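Each remark here refers to the structure printed beneath this line.
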Amino acid sequence: MTATHEIPAEALETLSPLNKACIERLRTHQPEEIDLFVHLHNPSGYDSSGYPSARLAAVLVLLYEKAGDLRVLLTTRSKSLRSHPGQVAFPGGKVDTTDKDVFETAYREAHEETGFPRHYPHAYTVCTLRPYISSAKLFVTPVVALLTEPSILETLVPCPGEVDRIFSHPLPAVLDPHLASKENLAEKGSPDWIYEEDYYNFSDIVLPWLDHKTYRMHRFRSTAFAIKGLTSDILIATASIAYDRQPSFERWAPGQLRTFAPILPILESQGNIQDAPSGISTPVPKVELGIQSTAETTIVSADK
């Protein structure tokens, strides 16, 4: 069983009753047990699952309350980056050999990318979600945290060459996309939202690298670029746990893998796994069902 994280009562009292209940559900959430980090510094270079440590990563899902809603901190990747330039992401990246656990990775990367203090006294770790597998075959662990003094966000500065923009998105709009209508969204028809739908779009994608399993790519309109792929799936899982309900749209493609357990054997069957690039994921060939294929990030989502 995963240990729960304690959050001081005075910190929780800063939240509305609804948002306090959301954080409590997240805090007591028990993800699927995948022990990727016990042997993180194993001299063999492999974790306890036999997966190379160089392919372990973490992201920070930083939540805070504003105007009665929980919001989540997001970034857009620098347009100068080799992988996924301009796309929306959580602060995060690959585990460093000096990181003692995924929590240190997530907070370190957030500091490096946005200037968020590594040991800020008003930021509280809430939980982790089960790992996600990126198309670059990185195991990505989301670390969910609560920020009770959002004024610190005004001091954040994007890291040149890594991050172009820091912004936020309302968590309730992940389950009910029309709730984003109150936001100053990217212009419809612009490069940031090329789809016909007003707030939400999806397509089903066949993943050749995952035994040709089907994956549903969710896309949300935001104030920046479309939120999609790895980021959208982690947001859906976070919101579903927090609000204790499923989204207003169909979350899964027919036959989509919904748990993490079947993924590792598929990867192991593919033989030697090469080192991963520095980004969270990179595009790979795929087939989209019903629309023309594009070079987008694909990941396999894990159920809550």
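In what follows, residues are counted from 1 in the order of the sequence shown. Small disclaimer: the values here were computed from a predicted structure and weren't measured. Atom set for the values below is all heavy atoms of this structure, side chains included, hydrogens, waters and symmetry mates excluded.
For the pair S134 (side chain) and L138 (backbone), a donor-acceptor distance under 3.5 Å is present. Looking only at distances, a side-chain donor or acceptor of Q256 sits under 3.5 Å from a matching main-chain atom of A253. Here the side chain of D176 pairs no donor or acceptor atom with the backbone of H178 at under 3.5 angstrom. Under the 3.5 Å distance criterion, the side-chain polar atoms of K188 are left unmatched by any main-chain donor or acceptor of W193. T75 places no side-chain N or O within donor-acceptor distance of the main-chain N or O of R77, the cut-off being under 3.5 Å. Judged by distance alone, with hydrogens and angles left aside, the side-chain atoms of T14 form no donor-acceptor pair with the main-chain N or O of E10 at under 3.5 Å. In this structure a side-chain-to-backbone donor-acceptor pair under 3.5 Å is present from R221 to D198. Under the 3.5 Å distance criterion, the side-chain polar atoms of R216 are matched with a main-chain donor or acceptor of W252. Here the side chain of T76 pairs a donor or acceptor atom with the backbone of R165 at under 3.5 angstrom. Side-chain atoms of S232 come within 3.5 Å of backbone atoms of H218 as a donor-acceptor pair (strictly under, hydrogens ignored).
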Side chain to side chain donor-acceptor pair (under 3.5 Å) between T105 and D99, intermediate numbers included: CA-CA 6 Å; T105 300; D99 295 337; 2.8 Å; yes
Going through the distances and angles, do F249 and Y200 end up as a side-chain contact (heavy atoms from CB on, under 4.5 Å)? CA-CA 9 Å; F249 47 86; Y200 166 78; 3.4 Å; yes
For R130 and T259: C-alpha separation, side-chain torsions, deciding distance, then whether side chain to side chain donor-acceptor pair (under 3.5 Å) applies. CA-CA 9 Å; R130 69 178 66 183; T259 62; 5.1 Å; no
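In terms of heavy-atom proximity, R25 sits nearest to A242 at NH1-O, 2.6 Å. Contact between H212 and V206 at its shortest, heavy atoms only, is O-CG1, 3.8 Å. Minimum interatomic distance between H111 and P117 (heavy atoms only, all atoms of both residues): ND1-CA, 4.2 Å. Heavy atoms only, all atoms of each residue included: P262 and I266 are closest at O-CG1, 3.4 Å. Smallest separation of non-hydrogen atoms from N19 and G68: ND2-O, 3.1 Å.
Both L230 and F167 are assigned to one and the same hydrophobic cluster, defined by single-linkage of ILVMFWY side chains at heavy-atom distances under 4.5 Å. A continuous path of Ile, Leu, Val, Met, Phe, Trp and Tyr side chains, each step under 4.5 Å between heavy atoms, connects Y243 with L12, placing both in one hydrophobic cluster.
Residues F202 and Y195 keep their aromatic ring centres 6.0 Å or farther apart. Between Y64 and H122, a ring centre-to-centre spacing not shorter than 6.0 Å is recorded.
Taking a cutoff of 4.0 Å between a charged side-chain nitrogen and a carboxylate oxygen, R118 and E104 qualify as a salt bridge. For E24 and K20, the salt-bridge test fails: no basic side-chain N is under 4.0 Å from an acidic carboxylate O.
Counting heavy atoms from C-beta outward, F220 and V88 have side chains that stay 4.5 Å or more apart. Counting heavy atoms from C-beta outward, T231 and F90 have side chains that approach closer than 4.5 Å. Inter-residue side-chain proximity for V126 and L63 is flagged as unmet; no heavy-atom pair is nearer than 4.5 Å.
Using modelled atom types, one finds a donor on one side chain and an acceptor on the other under 3.5 Å when comparing D96 with T98.
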